[in-house]
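Worksheet: the structure to be examined is printed underneath.
Counting begins at 1 with the first residue of the sequence.
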Amino acid sequence: MHMLRAQSSTTNPERGKCLSAVGAATVLGWLGGLGALGVSVSGRAMAEPPRVVEVVPDTADVGVDSALTEVRIRFDQEMSPGGRSICGGGPSALPVSGRLRWIDARTVVVPVSLKASTLYSFSINCPSARNFRGVNGESVVPYSVAFRTRGEGEAAAATLTPVETKPMVAALRSALLERYSHYDKLPADFEQRLERAAPELEAATTPAMFARRVRDVLRATRDGHVWIRVNDITLGVRDEYATPNADARRLAGILKNAGEFEGITTAKLADGIAYIAFDDWARRNGDWLAPAFGFLDGLDPATPLVVDVRLNGGGDEALARTIAARFVEERFVYSKSLIRNPDAEDGYDGPCERVVEPAGRRHAGPVAILIGPACVSSNESFILMMRKPGRRETFGETTGGSSGNPKPHELGSGVTLFLPSWRDLTGEGREIEGVGIEADHAVAWPGADATTDPVLEAAVAWLKEKSRVAPH
């Protein structure tokens with residue numbers, strides 16, 4: 001997933017000033033299922049999943065001694081010693097040098113062989129491997145780690161004292177209560193929680209430790225648009241994300257002669273139907289959208305088309321608009337934003353209108369847009385741009401309902417907190433956060449064991465009806 005930015009700027013004279021907005025971003029970590037949320041599935045009460053409470057060295061630690069021979073992981077409950085999953089690959093993979101061993105019921109030691117001046121990143125459990133389990137049978141909530149070893153002659157990591165951390169705690173409190181756009185959705189006792197956490201925050205001895213403790217406090221927000229940056233490493237606060245209603249491997253088997261580009265897939269389906277998928281709206285080097293424009297320009301404008309964004313977690317809203325501009329018939333307001341401003345009468349400026357208008361060669365045929373719970377942030381904005389009853393309709397499941405336009409807040413000692421600055425609304429003024437966008441045609445996802453893609457099948461059936469394409 002990506003940490004991305006988008007640009008939007010409009011004004012509304014009826015409600016104060018709508019400033020230029022840079023954001024609509026999302027940081028999404030490992031995708032998890034309902035089990036990670038500790039909720040009931042099919043009527044069965046789920047036990048509380050184990051969580052990592054400490055790793056030595058831990059996330060964002062720098063200046064780690066490369067002579068270290070083991071990484072120690074401690075969990076919050078007793079564990080089953082039979083399984084383990086250390087995920088990650090490539091040059092930053094953790095160099096495990098022997099068998100893992102349990103030193104007590106909650107602590108495992110991983111032998112390693114580290115190099116100097118090297119960034120290591122790995123995950124304890126991940127979507128494809130969840131073998132660390134508690135004695136209750138539940139998989140550990142995935143926990144990502146990134147640390148950097150010290151180079152020759154490099155100084156040890158900076159240290160902190162309470163003289164430095166106390167104003168950092170005050171800055172944290174101020175940012176949350178005055179600048180966080182969803183502050184009113186915090187738990188009712190959040191200020192008391194923050195007060196109770198203050199002594200531990202103030203006792204942090206390094207910027208990385210302070211950042212990790214802030215992350216732990218902010219897990220209560222369950223907000224994918226909240227994160228902390230320290231030592232050039234990002235710490236997200238949300239552990240659980242919805243399982244997508246799409247399977248890339250299953251799609252690869254269905255789509256024949258597909259064109260594979262960076263972040264884009266194109267294909268021709270049966271019965272004259274075309275298909276295009278966008279994995280994200282990331283702003284990459286070069287014109288990475290060129291294959292998409294080339295594909296659309298090569299189609300007859302009346303071609304029935306599937307636009308699949310089920311695996312798209314957001315990115316640059318401006319890029320999404322350049323695609324939607326090929327479909328819309330006229331300029332219209334697709335979203336509105338309320339910008340957090342503690343000095344405004346009701347705490348917000350706006351609503352600020354965000355518009356899309358036609359540009360380029362327009363595709364006039366019927367369009368089926370595939371959506372689902374992994375669609376969040378700028379991708380939800382794209383879905384709002386595209387929808388037009390009777391002409392462009394959505395298939396699948398309700399989207400994730402998460403936006404925010406995150407802005408940085410410096411806490412001190414190199415620790416930066418990113419917080420959502422806006423509340424995202426539909427063009428009609430309905431809030432998206434925590435609600436999402438319902439599909440025009442609800443299609444249940446069968447799960448990992450199915451061999452078909454019912455969402456795509458329903459979309460194709462609708463396109464055949466709309467375009468009256470006779471089957472071969």
Would you kindly say whether [X] and [Y] are connected by a side-chain donor-acceptor distance under 3.5 Å?
X: Glu380; Y: Thr399; result: yes
X: Tyr334; Y: Arg321; result: yes
X: Thr165; Y: Glu202; result: no
X: Asp349; Y: Asn341; result: yes

What heavy-atom pair brings [X] and [Y] nearest, and what distance separates the two atoms?
X: Cys352; Y: Ile339; value: SG-CG1, 3.8 Å
X: Val230; Y: Ala211; value: CG1-CB, 3.6 Å
X: Leu160; Y: Ala204; value: CB-O, 3.7 Å
X: Trp227; Y: Gly236; value: CB-CA, 4.1 Å
X: Leu94; Y: Tyr120; value: CA-CD2, 4.4 Å
X: Ile371; Y: Asn245; value: O-ND2, 2.9 Å

Exercise. Supply the atom-to-atom distance Leu201 CG to Met168 CE, rounded to the nearest 0.5 angstrom.
Key: 9.0 Å

Quiz item: In Å, rounded to the nearest 0.5 Å, how long is the span from CG of Leu119 to CG of Asp232?
Solution: 9.5 Å

Quiz item: Hey, does the Lys NZ or Arg CZ of Arg354 hover above the aromatic six-ring of Trp422, less than 6.0 Å from the centre and inside 45° of the axis?
Solution: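 Yes, a cation-pi geometry holds between Arg354 and Trp422.
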
Do [X] and [Y] make a side-chain contact, defined as non-hydrogen atoms from C-beta onward lying under 4.5 Å apart?
X: Arg179; Y: His409; value: yes
X: Thr322; Y: Phe293; value: yes
X: Phe261; Y: Thr266; value: yes
X: Val333; Y: Val356; value: no
X: Asn125; Y: Ser139; value: yes
X: Pro142; Y: Arg130; value: yes
X: Asp223; Y: Tyr180; value: yes

Quiz item: Does the pair Phe210 and Leu411 meet the rule for a side-chain contact (heavy atoms from CB on, under 4.5 Å), with working shown?
Solution: CA-CA 10 Å; Phe210 184 86; Leu411 303 185; 4.2 Å; yes

Exercise. Kindly indicate, with the supporting measurements, whether the criterion side-chain hydrogen bond (donor to acceptor under 3.5 Å, both in side chains) is fulfilled by Thr398 and Glu438.
Key: CA-CA 4 Å; Thr398 301; Glu438 291 186 4; 5.2 Å; no

Return yes if some donor-acceptor pair links the side-chain N/O of [X] with the main-chain N/O of [Y] below 3.5 Å, else return no.
X: Glu465; Y: Trp462; result: no
X: Arg250; Y: Thr452; result: yes
X: Arg326; Y: Leu296; result: no
X: Asp440; Y: Pro389; result: no
X: Ser467; Y: Leu463; result: yes
X: Arg361; Y: Asp297; result: yes
X: Asp189; Y: Gln192; result: no
X: Asp308; Y: Arg310; result: yes
X: Glu138; Y: Pro50; result: no
X: Thr206; Y: Met209; result: yes

Exercise. Test salt bridge (Lys or Arg N to Asp or Glu O under 4.0 Å) on Asp184 and Arg423 and set out the steps.
Key: CA-CA 11 Å; Asp184 60 328; Arg423 300 176 81 130; 2.9 Å; yes

Exercise. If the plane angle is over 60° it's perpendicular, under 30° parallel, otherwise tilted; pick one for Phe327 and His363.
Key: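 Taking His363 first and then Phe327, their aromatic rings sit tilted (interplane angle of 30° to 60°).
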
Practice problem: On the 0 to 90° scale, with breaks at 30° and 60°, tag the Trp281-Phe382 ring pair as parallel, tilted or perpendicular. | Solution: tilted

Practice problem: Using the side-chain hydrogen bond (donor to acceptor under 3.5 Å, both in side chains) rule, take Thr265 and Glu260 through it: C-alpha gap first, then chi angles, then the decisive distance, then the call. | Solution: CA-CA 5 Å; Thr265 301; Glu260 297 286 348; 3.3 Å; yes

Practice problem: Kindly determine whether Ser421 and Ser181 satisfy side-chain hydrogen bond (donor to acceptor under 3.5 Å, both in side chains), including the steps that lead there. | Solution: CA-CA 5 Å; Ser421 63; Ser181 57; over 6 Å; no

Exercise. Report the C-alpha separation of Thr394 and Ile383 in whole Å, then their side-chain angles, then the decisive distance to 0.1 Å, and conclude whether the side-chain contact (heavy atoms from CB on, under 4.5 Å) test is met.
Key: CA-CA 8 Å; Thr394 54; Ile383 293 165; 4.0 Å; yes

Practice problem: Assess whether salt bridge (Lys or Arg N to Asp or Glu O under 4.0 Å) is satisfied between Glu431 and Lys185, documenting all intermediate values. | Solution: CA-CA 13 Å; Glu431 188 163 3; Lys185 296 186 177 182; 3.2 Å; yes

Quiz item: Using the benzene-type ring in the case of Trp, are the ring centres of Tyr183 and Phe190 under 6.0 Å apart?
Solution: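 Ring centres of Phe190 and Tyr183 not closer than 6.0 Å.
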
Quiz item: Given the rule in the salt bridge (Lys or Arg N to Asp or Glu O under 4.0 Å) test, do Glu329 and Arg392 qualify, once you have shown the distances and angles that lead to the verdict?
Solution: CA-CA 11 Å; Glu329 295 81 6; Arg392 298 182 297 275; 2.9 Å; yes

Quiz item: Checking side-chain contact (heavy atoms from CB on, under 4.5 Å) for the pair Lys407/Phe418: CA distance, chi angles, key distance, verdict?
Solution: CA-CA 5 Å; Lys407 293 292 183 68; Phe418 288 80; over 6 Å; no

Quiz prompt | CD (Glu191) with more than 12 external heavy atoms under 6.0 Å | solution = no

Exercise. Go through Asp58 and Arg212 one step at a time and tell me if the salt bridge (Lys or Arg N to Asp or Glu O under 4.0 Å) criterion holds.
Key: CA-CA 9 Å; Asp58 209 334; Arg212 290 194 297 268; 3.6 Å; yes

Quiz prompt | side chain to side chain contact (heavy atoms under 4.5 Å, CB included), paired with Val237, selected from Asp216, Thr221, Val214, Val217 | solution = Thr221

